[in-house]
Amino acid sequence: MEKESIAVGLDIGTTKIVAMIGKKNEYGKLEILGVGKSKSLGVARGVVNNITQTIQSIQQAVHEAEVNSGYVIKDVVVGIAGQHIRSIQHSDYISRNNPEEVISENDIDLLVNQVHKLAMLPGEEIIHVLPQEFKIDGQAEIKEPIGMYGGRLESSFHVVVGQASSIRNVGRCIKSSGLDLSGLTLEPLASADAVLSQEEKEAGVALIDIGGGTTDLAIFKDGIIRHTAVIPFGGNVITEDIKEGCSIIEKQAELLKVKFGSAWPGENKDNEIVSIPGLRGREPKEISLKNLSKIIHARVVEIIEQVFTEIKQYGHEDPRKKLIAGIVLTGGGAQLQHIKQLVEYITGMDTRIGYPNEHLAGNSDEEISSPLYATAVGLVMNSIRNNTQSAIPFNQVEVEKVVAPAPIQVQREVVVENNYEEEIVQEVPRKIESEKSVSTEGRMKKSFFDKYIDKIKEFLDNAE
């Protein structure tokens with residue numbers, strides 16, 4: 001009997017870190033086995049700026065997910081975002097030695113590998129090379145070239161580029177948390193997997209993921225990714241504005257935004273007032289909800305206008321590039337009241353809120369269906385596609401402890417910052433299992449992306 005694939009996604013956000021364990025049920029839907037969430041302390045605008053704090057937050061989220069699910073996590077697919085991400089359009093071709101043979105996957109790999117060798121700015125690395133349409137001997141608009149004859153294979157690519165140091169810092173945090181990195185995915189692509197339907201991608205759609213530190217954009221047309229961008233503003237900037245504008249502490253500002261915030265000031269009456277407790281015996285502070293909405297409105301307009309500039313750069317006004325399905329909003333910021341109406345007003349495009357429930361099993365927790373978890377759900381879906389066994393049940397761990405003696409060097413891997421004694425015990429099987437699974441991975445055909453992950457791992461090993 002074939003082992004079912006247990007997948008794990010790790011969303012390292014600016015506000016929160018989410019570890020999610022899931023598997024596909026018999027209906028092909030995603031069944032969430034456990035979720036762990038912790039406050040993200042070492043990340044600013046999608047970029048790690050404090051390794052120690054990020055490791056502690058990752059371990060806390062992973063521990064919670066393990067306790068909730070009864071599984072021990074071995075490796076994770078991680079989302080990458082941040083203001084250092086940019087994308088470029090590039091075209092390339094290969095001349096085939098034997099045009100009498102049909103085009104195979106090897107030819108496409110060869111073409112993709114060629115694009116990976118593109119010269120980048122100093123300190124930058126290619127994260128994704130996403131083929132768009134192919135051309136064979138001048139014949140254009142081919143979506144699937146495998147099985148066709150031709151001498152010259154050509155394609156246009158959407159290339160996603162990021163800062164090498166930021167990517168390696170994420171890798172270092174994963175490794176120091178006692179986990180293996182099984183994949184890196186651009187966060188807007190993960191969110192798109194979770195909340196967009198194939199019909200929307202065909203018709204043309206812009207996905208806007210409003211997170212804590214960044215707002216991510218992914219544009220699809222004819223089922224193909226056409227444009228990605230990361231705007232370095234998100235929900236945290238709105239909270240900061242409320243804090244400054246109302247002279248209150250950050251915690252109160254965040255609560256005000258979530259409970260009473262609205263992106264449309266016209267919805268609030270002048271006499272609607274909320275009272276905030278004063279600090280250390282001081283008088284309570286009264287705040288007008290209309291003023292609160294005006295502060296939120298100003299910042300949301302700025303964020304949406306920046307996103308709309310990116311949509312215009314893609315060229316959505318061209319009839320052939322028209323986004324018929326409009327805009328889908330997701331991420332924690334999408335939960336802000338009246339934001340859908342404001343986006344429609346600014347862009348003139350149809351808008352809906354994107355929930356990841358389309359791919360989730362019917363018995364899923366209501367909280368997981370929130371736009372807040374869209375990226376994490378997308379990362380788990382990505383991990384399932386990798387077909388990895390990313391987590392094993394606790395009871396199997398106990399058996400392996402008896403069967404396989406722990407290698408001595410495993411103890412060196414235990415992270416000092418970890419406060420959970422039981423997790424220190426769990427580190428041992430996690431390492432044993434990853435060593436056991438090397439031979440299985442060796443048998444799998446390695447794609448260029450696997451080699452790229454290996455390159456990061458090698459860099460991290462040498463850095464020690």
Side-chain angles (χ1 to χ4, degrees), residues 5 24 28 87-120 126-161 183-186 188-190 192-193 196-207 218-228 314-316 318-325 359 378 381-388 441-454:
S5 178
K24 257 194 179 171
S87 60
I88 50 174
Q89 294 297 121
H90 175 73
S91 292
D92 218 323
Y93 74 93
I94 55 164
S95 296
R96 300 180 66 237
N97 297 331
N98 188 357
E100 299 304 311
E101 277 184 15
V102 294
I103 293 166
S104 68
E105 210 162 299
N106 287 343
D107 293 310
I108 291 168
D109 283 348
L110 203 65
L111 184 54
V112 168
N113 290 359
Q114 197 164 290
V115 179
H116 270 281
K117 290 173 188 157
L118 271 179
M120 289 290 120
I126 292 173
I127 301 169
H128 287 296
V129 171
L130 306 163
Q132 300 191 316
E133 279 110 349
F134 290 88
K135 253 188 196 179
I136 300 172
D137 294 343
Q139 183 190 339
E141 292 184 11
I142 296 167
K143 285 191 180 176
E144 185 48 87
I146 292 174
M148 297 177 81
Y149 289 97
R152 179 185 164 110
L153 177 64
E154 207 175 327
S155 178
S156 53
F157 293 92
H158 183 78
V159 184
V160 180
V161 181
L184 272 176
T185 301
L186 187 65
L189 296 182
D193 278 349
L196 297 181
S197 67
Q198 193 53 42
E199 288 85 357
E200 284 176 316
K201 289 180 181 177
E202 288 288 343
V205 66
L207 177 85
I219 296 176
F220 292 84
K221 178 75 178 173
D222 300 326
I224 298 165
I225 181 83
R226 300 292 183 181
H227 188 77
T228 50
Y314 152 75
H316 84 112
D318 180 337
R320 288 172 305 165
K321 293 184 170 185
K322 196 174 180 202
L323 304 177
I324 296 163
H359 301 283
M381 289 168 67
N382 196 289
S383 181
I384 283 174
R385 278 200 296 277
N386 291 353
N387 208 21
T388 53
E441 284 172 11
R443 285 196 294 270
M444 285 167 64
K445 180 180 174 295
K446 284 200 171 186
S447 69
F448 188 90
F449 192 70
D450 294 329
K451 289 172 194 165
Y452 175 66
I453 294 290
D454 290 345

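The nearest pair of heavy atoms linking Tyr149 to Pro99 is CD2-O, 3.7 Å. Contact detail for Ile146 and Ser104: the closest heavy-atom pair is CG1-C, 4.2 Å. In terms of heavy atoms, Met148 sits closest to Glu144 at SD-O, 3.9 Å. Leu196 and His359 make their closest contact through O-NE2, 4.0 Å (heavy atoms, listed as atom of the first residue, atom of the second, distance). Across all non-hydrogen atoms, the minimal contact from Ile224 to Pro131 is CG2-O, 4.3 Å. For Val205 against Ala325, the heavy-atom pair with the smallest separation is CB-CB, 4.0 Å.
In this structure, the side chains of His128 and Thr228 stay at 4.5 Å or more apart for every pair of heavy atoms. Taking 4.5 Å as the limit, every side-chain heavy atom of Val115 sits out of range of all side-chain heavy atoms of Val112. Side-chain contact between Ile136 and Arg96: absent, with no pair of heavy atoms (C-beta onward) separated by less than 4.5 Å. Using a 4.5 Å heavy-atom threshold, the side chains of Lys221 and Tyr314 count as touching. In this structure, Gln139 and Asp137 have side chains that are not in contact, with every pair of non-hydrogen atoms separated by 4.5 Å or more.
Each of Leu130, Asp92, Ile88 was evaluated against Phe157; a single residue qualifies, Asp92, per the side-chain contact (heavy atoms from CB on, under 4.5 Å) test.
Atoms NZ and OG, on Lys24 and Ser5 in that order, are 9.5 Å from each other to the nearest 0.5 Å. Between the CG atom of Leu111 and the NE2 atom of His116 there is a distance of 10.5 Å, given to the nearest 0.5 Å. Residue Leu186 holds its CG atom at 7.5 Å from NE2 of His158, rounded to the nearest 0.5 Å. Distance CD1/Ile108 to CZ/Phe134: 4.5 Å, rounded to 0.5 Å. The CD1 atom of Ile126 lies 5.0 Å from the CG atom of Leu118; values are rounded to the nearest 0.5 Å. The CD1 atom of Ile324 sits 13.0 Å away from atom CD of Glu199, with the distance rounded to the nearest 0.5 Å.
With hydrogens and angles disregarded, a donor-acceptor distance shorter than 3.5 Å links the side chain of Ser155 to the backbone of Glu133. Ser156 places no side-chain N or O within donor-acceptor distance of the main-chain N or O of Gln132, the cut-off being under 3.5 Å.
No more than 12 heavy atoms of other residues, nucleotides or ligands lie within 6.0 Å of NZ in Lys322, so this atom counts as exposed by the packing criterion. Annotation: Asn97, atom CG; neighbour count of heavy atoms from other residues, nucleotides and ligands within 6.0 Å does not exceed 12.
Looking at Asp222 and Lys143, no side-chain N of the basic residue comes within less than 4.0 Å of a carboxylate O on the acidic one, giving no salt bridge.
Applying the ring pair (Phe, Tyr, Trp, His ring centres under 6.0 Å) test to His316 and every residue at least two apart in sequence or in another chain returns Phe308.
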